[in-house]
Amino acid sequence: MPSRTNANIYAKIAFILGIILKPILGILKLLLTFVTAILLFLLVDIIGLALKNFKPVYRTYHYIFTSLLSRLSLFFMGFYWIHVETVSLRKGRPSIPKLRQISGVRPGDVIICNWTSYVEVLYLAFRFDPIFTQVYTSSNTLRPISLWTALWLTGSYPEDKPPSSVKTYSLQELVREATINKLGPIVVFPEGTTSNGRALLKIAPIFKSLSLPIEAFSIHILTARYEYDNFSPTYTVGNKFWHFVMLCSQYFNVLHVKILAPEESLSSPNFTIPSAQSSVLPSPSIIQDDVIGSQILNLMGQLGRMRKTNLGMEDKKAFLDFYWEKTSGYAKKK
């Protein structure tokens, strides 16, 4: 009995200390993250412009400071550990808890990842300094966007059509542009909007024009999941700043990244469509119209152990309309 009493006392002390320390910790980490963001903007987006005409130097400079400051931001947000492993989906082959294969990413390669939070955006910036993209389903095109825009769009209202003043590209066109100008790899969030990390939304049909074998560029498939104290880093709806404050107030957060083994990717010369697919697949019409997209969805589901749904961007917009109507008293205008 005394030991149980002592345990209760310690639990109460820990709870009280948490109430006192977590807000202080959150404010401190918030300030450090903001300082890091300002440094990133000044060093990369302002001072870096002076080097833009010297492409090899500019690319190296851009990568170094984007990688360093993005990782520092994640550290201040409580992501002291990032677990990365290369995973084989073939039975009998072990996973590789190293980044041995990821260094082979080249300009013009396509990185495909699920999208649950602004945290993945920072991780991808840290690891690859890529070209981020926004997906438009009405035209099956991509808009190259900056790191800042990608962070801003996380959890925002999905857009079907690009503004008239915005130039968009097909996937092949953007790959060609990035390869020729050495702009870095291209990140595609195929769901087009954030999901909850436990399931995958239908992906946009931007891969419809591709066919096997894919030889012009390499495809790298990643999935991200989180381990955390009390508050989930996944952000799908609500006040983004408040979510960020709550995230910073936790003692720790852990990001788990799984990378599909390159020899099992769609761009591998050895890739073949499995005869037996997962038991939960999108409708047959999606498979017929977008074979590559269906395979990507299937591989992401297996890699991240996430179920696939028949919900998409339109459903996310309907959910956001409902949420804002309930919380604000009005629905977002379409």
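For the single chain, residues carry numbers from 1 onward in sequence order.
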Checklist entry - Should Ile46 and Phe41 count as side-chain neighbours, where that means a heavy-atom distance under 4.5 Å? => result yes
Checklist entry - Taking all atoms of both residues into account, what is the closest heavy-atom pair of Val121 and Ala150, and its distance? => result CG1-CB, 3.8 Å
Item to check | Check: Thr234 main-chain N/O paired with His243 side-chain donor or acceptor under 3.5 Å | outcome: yes
Next on the checklist: Quick check: is Trp242 connected to Phe231 through a chain of hydrophobic side chains (ILVMFWY, heavy atoms under 4.5 Å apart)?
Outcome noted: yes
Checklist entry - Does the side chain of Thr193 pick up a donor-acceptor pair with the side chain of Lys316 at under 3.5 Å? => result yes
Item to check | Polar side-chain atom of Lys240 near backbone of Leu151 as donor-acceptor pair, under 3.5 Å | outcome: yes
Checklist entry - Under a 4.5 Å cut-off applied to non-hydrogen side-chain atoms, are Thr133 and Ile145 in contact? => result no
Checklist entry - Would you say the side chain of Leu153 lies within less than 4.5 Å of the side chain of Thr149, judging by non-hydrogen atoms? => result yes
Checklist entry - Looking only at atom types and distance, does a side-chain atom of Ser170 sit under 3.5 Å from a main-chain N or O of Glu173, one as donor and one as acceptor? => result yes
Checklist entry - For Asp160, which residues count as a salt bridge (Lys or Arg N to Asp or Glu O under 4.0 Å) partner, sequence neighbours excluded? => result Lys317
Next on the checklist: I want to check something: taking the side chain as every heavy atom from C-beta on, are Phe207 and Ile219 in contact at a cut-off of under 4.5 Å?
Outcome noted: no
Checklist outcome for this item: Taking every heavy atom of Thr86 against every heavy atom of Pro262, the minimum-distance pair comes out as CG2-CD, 4.3 Å
Checklist entry - Under 3.5 Å, is there a donor-acceptor pair between the Tyr58 and Asn53 side chains? => result no
Next on the checklist: Can you tell me how far apart NZ (Lys308) and CD1 (Ile203) are? Round to the nearest 0.5 Å.
Outcome noted: 11.0 Å
Item to check | Candidate pair Val187 and Ile112, rule side-chain contact (heavy atoms from CB on, under 4.5 Å), full reasoning | outcome: CA-CA 6 Å; Val187 166; Ile112 298 171; over 6 Å; no
Checklist entry - Between Trp324 and Leu320, is any pair of side-chain heavy atoms under 4.5 Å apart? => result yes
Checklist entry - Should Thr179 and Asp109 count as side-chain neighbours, where that means a heavy-atom distance under 4.5 Å? => result no
Next on the checklist: Tell me every residue that passes side-chain contact (heavy atoms from CB on, under 4.5 Å) with Ala224, counting only those two or more places apart in sequence or in another chain.
Outcome noted: Asn114, Glu120, Leu255
Next on the checklist: Which residue is it: Val175, Ile131, Leu174? I am looking for the one with a side-chain contact (heavy atoms from CB on, under 4.5 Å) to Leu142.
Outcome noted: Leu174
Checklist entry - Would Leu89 end up clustered with Ile214 when hydrophobic side chains under 4.5 Å apart are linked, directly or stepwise? => result yes
Next on the checklist: Quick check: closest heavy atoms across Ser88 and Ala261, and the distance to 0.1 Å?
Outcome noted: CA-CB, 4.3 Å
Checklist entry - Between Leu247 and Val119, is a side-chain contact (heavy atoms from CB on, under 4.5 Å) present by the stated rule, with each step listed? => result CA-CA 10 Å; Leu247 187 63; Val119 177; 4.1 Å; yes
Next on the checklist: Looking only at the side chains, is there a donor atom on one of Ser67 and Arg127 sitting less than 3.5 Å from an acceptor on the other?
Outcome noted: no
Item to check | Under 3.5 Å: donor-acceptor pair, side chain of Asn181, backbone of Ala178 | outcome: no
Item to check | Flag if over 12 foreign heavy atoms under 6.0 Å of OH, Tyr80 | outcome: yes
Checklist entry - Is there a donor-acceptor pair under 3.5 Å between the side chain of Ser268 and the backbone N or O of Glu263? => result yes
Checklist entry - Does the Ser218 side chain pair with the main chain of Ser267, one donor and one acceptor, at a distance under 3.5 Å? => result no
Item to check | Expected output: side-chain Thr36 to main-chain Leu32 donor-acceptor under 3.5 Å | outcome: yes
Item to check | Lys208 (side chain) donor-acceptor with Asn140 (main chain) under 3.5 angstrom | outcome: no
Checklist outcome for this item: For Leu311, the other hydrophobic cluster members (4.5 Å side-chain criterion, sorted by chain and number) are Leu201
Item to check | Test side-chain contact (heavy atoms from CB on, under 4.5 Å) applied to Leu210 and Gln172, step by step | outcome: CA-CA 9 Å; Leu210 299 180; Gln172 293 96 320; 3.5 Å; yes
Checklist entry - Lys258 and Leu303: which non-hydrogen atoms are nearest, and at how many Å? => result CD-O, 3.2 Å
Item to check | Parallel, tilted or perpendicular, as decided by the 30° and 60° cut-offs, for the rings of Phe241 and Phe34 | outcome: parallel
Item to check | Non-hydrogen atoms of Ala199 and Glu191 that approach each other most closely | outcome: O-OE2, 4.1 Å
Checklist entry - Apart from Tyr136 itself, what residues make up its hydrophobic cluster, given side-chain heavy atom links below 4.5 Å? => result none
Item to check | Heavy-atom side-chain proximity of Asn253 to Met77 below 4.5 angstrom | outcome: no
Item to check | Beyond-backbone contact of Thr154 with Tyr235, side-chain heavy atoms, under 4.5 angstrom | outcome: yes
Item to check | ILVMFWY cluster, Leu122 and Ile38 together (side-chain gap under 4.5 Å) | outcome: yes
Next on the checklist: Please report the interatomic distance CG(Leu266) to OG(Ser211), rounded to the nearest 0.5 Å.
Outcome noted: 11.5 Å
Next on the checklist: Under a 3.5 Å threshold, yes or no: a donor from one side chain and an acceptor from the other, between Ser70 and Ser73?
Outcome noted: no
Item to check | Distance in Å, Cys113 SG paired with Ile221 CD1, rounded so as to fall on 0.5 Å steps | outcome: 10.5 Å
Checklist entry - Would Thr116 and Asn196 count as a side-chain contact (heavy atoms from CB on, under 4.5 Å) if you check the C-alpha gap in whole Å, the side-chain angles of each, and the deciding distance to 0.1 Å? => result CA-CA 6 Å; Thr116 68; Asn196 63 11; over 6 Å; no
Checklist entry - Are the aromatic ring centres of Phe75 and Phe79 under 6.0 angstrom apart? => result no
Checklist outcome for this item: Sorted by chain and residue number, the salt bridge (Lys or Arg N to Asp or Glu O under 4.0 Å) partners of Arg59 (sequence neighbours excluded) come out as Asp129
Checklist entry - Just by modelled atom types, is the Leu200 backbone N or O under 3.5 Å from a matching donor or acceptor in the Thr309 side chain? => result yes
Checklist entry - Using the ring of each side chain (for Trp, its six-membered ring), is Phe128 parallel, tilted or perpendicular to Tyr123, with breaks at 30° and 60°? => result perpendicular
Checklist entry - Applying the 4.5 Å side-chain criterion to the ILVMFWY set and letting contacts propagate, would Val135 and Val166 be lumped into a single cluster? => result no
Item to check | Flag for Asn298-Gln295: side-chain donor and acceptor within less than 3.5 Å | outcome: no
Checklist entry - Going from NZ on Lys202 to CE on Met313, what distance comes out if it is rounded to the nearest 0.5 angstrom? => result 11.5 Å
Item to check | Over all atoms of both residues, closest heavy-atom pair of Thr194 and Gly155 | outcome: OG1-CA, 3.4 Å
Checklist entry - How many angstroms lie between atom CG of Leu260 and atom OG1 of Thr223, to the nearest 0.5 angstrom? => result 9.0 Å
Checklist entry - If you round to the nearest 0.5 Å, how far is OG of Ser195 from CZ of Arg198? => result 10.0 Å
Checklist entry - With sequence neighbours excluded, what pairs up with Thr236 under the side chain to side chain donor-acceptor pair (under 3.5 Å) test? => result none
Checklist entry - Would you say the side-chain atoms of Trp148 and Asp45 include a donor-acceptor pair closer than 3.5 Å? => result yes
Checklist entry - Among the clusters formed by ILVMFWY side chains lying less than 4.5 Å apart, do Ile82 and Tyr251 turn up in the same one? => result yes
